[in-house]
Visitor: 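Here's a structure for you.
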Amino acid sequence: MSQEFEPTILAFVCNWCTYTAADLAGTSRMVQQPNLRLVRMMCTGMVDPKYIVKSLLSGADGVLVSGCHPGDCHYINGNYKARRRVKLLNEILPQFGIEKERVKLTWVGASEGNEFAATVNNFINEIRELGPMEARSMAVV
Amino acid sequence: MARKIGVYVCHCGSNIAGKVDCANVAEFAGNIKDVVVSRDYQFMCSDPGQEMIIRDIRQYGLDRVVVASCSPRLHEKTFQKACARAGLNPYLMQHCCIREHCSWTTADPDEATAKARHIVEAAVERVGEHGELFSREVEVLPDVMVVGAGIAGIQAALDIAKSGHTVHLVEQSPSIGGHMAQFDKTFPTLDCAACISTPKMVAVSQEPNINLLTWSEVEEVTGFVGNYTVTVLRKPRYVNETVCTGCGACLEKCPTKAISEFNEGLGKRKAIYRNSPQAVPNTPVIDGTICKKITKDKCGICATICPTGAIDYEMKERREVFHVGSIVLATGYDAMDPTPLREYGFGKYDNVYTALQFERLNNAVGPTEGRIVLKNGEKPESVAIIHCVGSRDKNYHEYCSRTCCMYALKYDHLIKDKVGHDTKVYNFYIDMRCFGKGYEEFYKRVQEEGVTFIRGRPSEIVQEDGRLVVVGEDTLLGMNVRLPVDMVILCTAMEPRKDVTEVARVFGVAQGQDGFFLEEHPKLGPVSTATDGVFLAGTCQGPKDIPDAVSHASGGAAQAIALAAKGTVSISPTTSWINPDVCVGCQVCVGLCAYSAIEFDERRNIAVINEAMCKGCGSCAGYCPSGAAQIKHFKETQIFNEIDGLLGMIPDWRPPMEEPDAEPVRIPVQTDQPEKRA
Ligand SMILES: Cc1cc2nc3c(=O)[nH]c(=O)nc-3n(C[C@H](O)[C@H](O)[C@H](O)COP(=O)(O)OP(=O)(O)OC[C@H]3O[C@@H](n4cnc5c(N)ncnc54)[C@H](O)[C@@H]3O)c2cc1C
Ligand code: SF4
Ligand code: SF4
Ligand code: FES
């Protein structure tokens, strides 16, 4: 049954690295599963945990946050702030019945088109495996 | 409030239309609330495509525009400008990508079309929340600061001075010239380093537009592009530069000695010293840590000798503050210390030299007056030159230092020339990299001088019966080599300066993986940095030879001149904004901002953004617990709407519209004019 399930995934990616990598994956015609939709942010440091929670509650089965590698953030250290926030969120989510695997943080640099395509495909597979989000139907928003 | 949104779906020839049913997407968009016109077209970025948007804005009074085409990183500006031409604020346009992230990467056409619809829906929902934004023009102060006066800093300072702007040139050491001042000859032309650099150094000292600050360091930088405030620490020289004539009488009699840094540890200098007789400025400096007068209140000979009374033991360090529009960093490199490579015996065996030491040996005003001799004063009969020491080596630096092959060839020639043609010279190399203008020719020339090239990195250098033996493998012949020689020269890597992290912090620039300062873009922005108004020149950005360092420096200078010449700089409006009615004054954001762009207003008990310094990174907005901090153009409402659109969450459908018509308008395309493509 879970084979039938096609997850919807949102990705918050920074303009300077992962978004650029997504462009590169496109220019290099690296086919990805269609389940992922991108939200362009200037930096992962901009990603308010609210956005992630809101996405999950509004129908996303998984959320990917991806930015520049540690030390490469265009704004010095926004990605470290993102790392802290996602880590915290990963700890809190299970208390609401949301598997922490549904929120993932990765670093994909501007030149890593192949890495981007692989990250996307892997994450989609992981979430497909995990199945639909039970908590949403029960959550009181 | 009802919006009037126009949606434009681009085919990009077959790049998008080959996968995505663009007409279907446009029709779908036409049914979203507030969309009054929705079209698909072959090439939106072409002139007729842009014209179509402009006409619609005027005809239908559109107040929002969505373009769905290639990545916004490519054409967002194009469509923003088109909107601006039609009188619509460019920030009321949302550009979304259905090519790179959709048509090019999705296998199935139906799925690609479905995904494109979500993407367009998100853009439509988002754009409804956009507001007008205006870039701000700020003044650029006319003066420029150049930090570091090696050949790169010198070139940058001279270029800028020539444009009529004042340059404050800050140099850490007592005189200018950097590494080049240590050389005698330069590859590939073998012209004398002093002959080509001294005129430039003198030009610096004589240029009225250059304010030369040697023996000085930058302590603090505040401000932002166009208006930097720089505090420079002037270390005490103990010799009054305005009075000293540079006669050098003091240097003779000083009884206190120390190891000479400029001579790379070969030979001594006095407590009062200058790097070379041609030093610019040629005023000596007193080393306050060893001078007997300064440390113990004894001696004081130099003051009695000095004919002009320039010596001043009471001199104190002081600080000077400069206001400049931009900064050029030209702080250069360090040559790696090979001591950690114990297998090569540097520091253990007398006749193992670093390349820079060899430069000093060979220099006419160096410790041996230019004679290439062993420590015992005799001429070497054989010399081994080891390339790539610390470069192209996972344990030290993975990169290639780009100059070692070439200066090794220079040494090959100099040894043959100065010591005698019967001197045996062996090069241990990995690959010969002679890529510059005239370099391959120089390589050929040196090969013909009877120099031996052995491919392979030696495993160790040992001493047997008082002679050095280079142990390694000739990888071309597949043979082990044990080669007795009199002298070994280690071509050590060019590496970031020891204080690079501290300097990067002071100027707010980043370092790359290799430790050098990080340029804005490896290909298209090699002289600018992520910090507006701070530019790079020379080897502080990565290993370079002199021609490349000089060209790079001229590039950095051009950027600084461009800013200064225009006199104003436009600051992006997509900064943070803190709503004073919502901010609770918790001050969390103040500590989060990497650019110190948030100030705390004690009186009102709220945080306030300095828009000129804010880069719009969103670190503050991503955290602000009360939601007071918001990035203009990335506001919470905008992102929420985008999320809803992407997830197809907008319930607010309206029935398909009848008026105004969304029939594709035929726009005449002149066939004799090739269309612009993405
Ligand atoms: C052994 C050797 C031989 C070479 N031979 C040749 C050759 O023959 N031909 C050739 O083309 N290239 C040669 N090169 C390369 C050449 O040295 C460089 O290309 C050139 O010197 C780079 O100049 P620069 O101004 O970038 O750096 P540098 O020469 O390192 O100058 C940097 C300057 O900045 C100053 N500085 C540093 N930090 C600060 C600070 N925080 N505040 C103020 N001032 C500061 C330093 O004191 C120095 O004066 C050789 C390199 C080596 C290692
Ligand atoms: S006072 Fe200091 S610098 Fe001058 S001669 Fe004596 S030791 Fe040298
Ligand atoms: S957006 Fe970034 S740069 Fe601007 S104030 Fe906030 S943290 Fe500082
Ligand atoms: S800009 Fe990419 S993570 Fe900050």
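Bear in mind that the values here come from a model prediction, so they are computed numbers and not experimental data. The basis for the numbers below is simple: all heavy atoms, side chains too, and nothing from hydrogens, waters or symmetry mates. Proteins get letters first, then strands, A, B, ... in listed order; numbering begins at 1 in each.
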Visitor: Return the option, out of V47(A), L24(A), V120(A), V39(A), with the maximum number of heavy-atom pairs under 4.5 Å with chain B.
Guide: V39(A)
Visitor: Any side-chain heavy atom of M42(A) sitting closer than 4.5 Å to one from I631(B)?
Guide: no
Visitor: Please flag which part of L36(A) lies under 4.5 Å from any non-hydrogen atom of chain B: side chain, backbone, both or neither.
Guide: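 Backbone of L36(A) only, per the 4.5 Å heavy-atom cut-off to chain B.
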Visitor: Which pairs with one or both residues in residues 25-50 of chain A pass ring-ring contact (aromatic ring centres under 6.0 Å, His included), sequence neighbours excluded?
Guide: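 Residue pairs with at least one partner in residues 25-50 of chain A: there are none.
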Visitor: For L646(B) and L38(A), which heavy atoms make the closest approach, and how far apart are they?
Guide: CD1-O, 3.8 Å
Visitor: Report every donor-acceptor pair between chain A and chain B with a separation under 3.5 Å, backbone and side chains included.
Guide:
from, atom 1, to, atom 2, distance (Å)
T20(A), OG1, R73(B), NE, 3.3
D23(A), OD1, S71(B), OG, 3.2
D23(A), OD1, H101(B), NE2, 2.6
D23(A), OD2, S71(B), OG, 2.6
D23(A), OD2, R73(B), NH1, 3.3
Q32(A), N, T105(B), O, 2.7
L36(A), O, K115(B), NZ, 3.0
R37(A), NH1, L646(B), O, 2.6
R37(A), NH2, H118(B), NE2, 3.4
R40(A), NH2, E76(B), OE1, 3.3
R40(A), NH2, E76(B), OE2, 3.1
K50(A), NZ, E636(B), OE1, 3.0
K54(A), NZ, D644(B), OD1, 2.7
K54(A), NZ, D644(B), OD2, 3.2
K81(A), NZ, L592(B), O, 2.5
K81(A), NZ, S619(B), OG, 3.3
R85(A), NH2, S619(B), O, 3.0

Visitor: Heavy-atom distance under 4.5 Å to chain A: side chain of A510(B), backbone, both or neither?
Guide: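 When you check distances to chain A, no heavy atom of A510(B) falls under 4.5 Å.
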Visitor: Given heavy-atom pairs under 4.5 angstrom as the criterion, report whether the side chain, backbone, both or neither of I119(B) touches chain A.
Guide: neither
Visitor: Could you pull out the closest heavy-atom pair between C617(B) and C43(A), with the gap in Å?
Guide: O-CB, 3.5 Å
Visitor: Using non-hydrogen atoms and a 4.5 Å limit, figure out which bit of I76(A) sits close to chain B: side chain, backbone, both or neither.
Guide: both
